[in-house]
Amino acid sequence: MVGCRGHGFATEAARACVELVAQEFAPTLLTAIIHPENAASRGVAEKVGMTHIDDDHAHPWIVRTVMGMQVSPASSD
């Protein structure tokens with residue numbers, strides 16, 4: 001929804017996903033598949049620590065940006 005943009009909801013959700021992965025699935029590579037023209041989603045991925053890994057050209061008419069990050073196990077502090 002347009003009215004929800006710019007409030008940090010997507011970033012908050014992405015950070016929660018990273019935390020869950022750190023608690024339950026780490027160590028692992030966490031990836032996000034993003035349409036190359038979706039600058040907002042790429043910005044969210046970068047805010048949580050992801051970097052550009054590659055561009056996926058699996059289909060001749062579709063290109064997808066692949067962002068990712070290594071996630072280490074959560075510390076038990």
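All figures in this text were calculated on a predicted structure; none of them were measured in a lab. Just so it is clear, the values below take in all heavy atoms, side chains as well, and ignore hydrogens, waters and symmetry mates.
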Worksheet item: Is D54 reaching over with its side chain to a backbone N or O of D56, donor-acceptor style, under 3.5 angstrom?
Response: no
Worksheet item: Backbone N or O of E37 within a donor-acceptor pair of the H35 side chain at under 3.5 Å?
Response: yes
Discussion item. In this structure, would V18 and F25 fall into the same cluster of hydrophobic residues linked by side-chain contacts under 4.5 Å?
Written reply: yes
Worksheet, complete the sentence: Closest heavy-atom pair, A14 versus V48, reported as atoms and distance to 0.1 Å, is CB-CG1, 3.8 Å
Worksheet, complete the sentence: Of all heavy-atom pairs linking I34 and A45, the shortest is CD1-CB, 4.0 Å
Worksheet item: So, for S72 and A22, which heavy atoms are closest and what is the spacing to 0.1 Å?
Response: O-CB, 3.5 Å
Worksheet item: With the 4.5 Å side-chain cut-off for hydrophobic clustering, are V71 and V66 part of the same group?
Response: no
Worksheet, complete the sentence: For P36 and R64, the nearest pair of non-hydrogen atoms, with its separation, is CD-CA, 4.3 Å
Item to complete: For residues P73 and A26, report the shortest heavy-atom separation together with the two atoms involved.
Response: N-CB, 3.4 Å
Worksheet item: When rounded to the nearest 0.5 angstrom, what distance separates CE in M69 from OG1 in T51?
Response: 9.0 Å
Item to complete: Give the cluster check for V44 versus M50: same hydrophobic cluster or not, with ILVMFWY residues linked at side-chain heavy-atom distances below 4.5 Å.
Response: no
Worksheet item: Just wondering, more than 12 heavy atoms not from E46 lying within 6.0 Å of its CD?
Response: yes
Fill in: Side chain proximity check, R42 to T65, heavy atoms < 4.5 angstrom
yes
Worksheet item: L20, L29: one ILVMFWY side-chain cluster at the under-4.5 Å cut-off?
Response: no
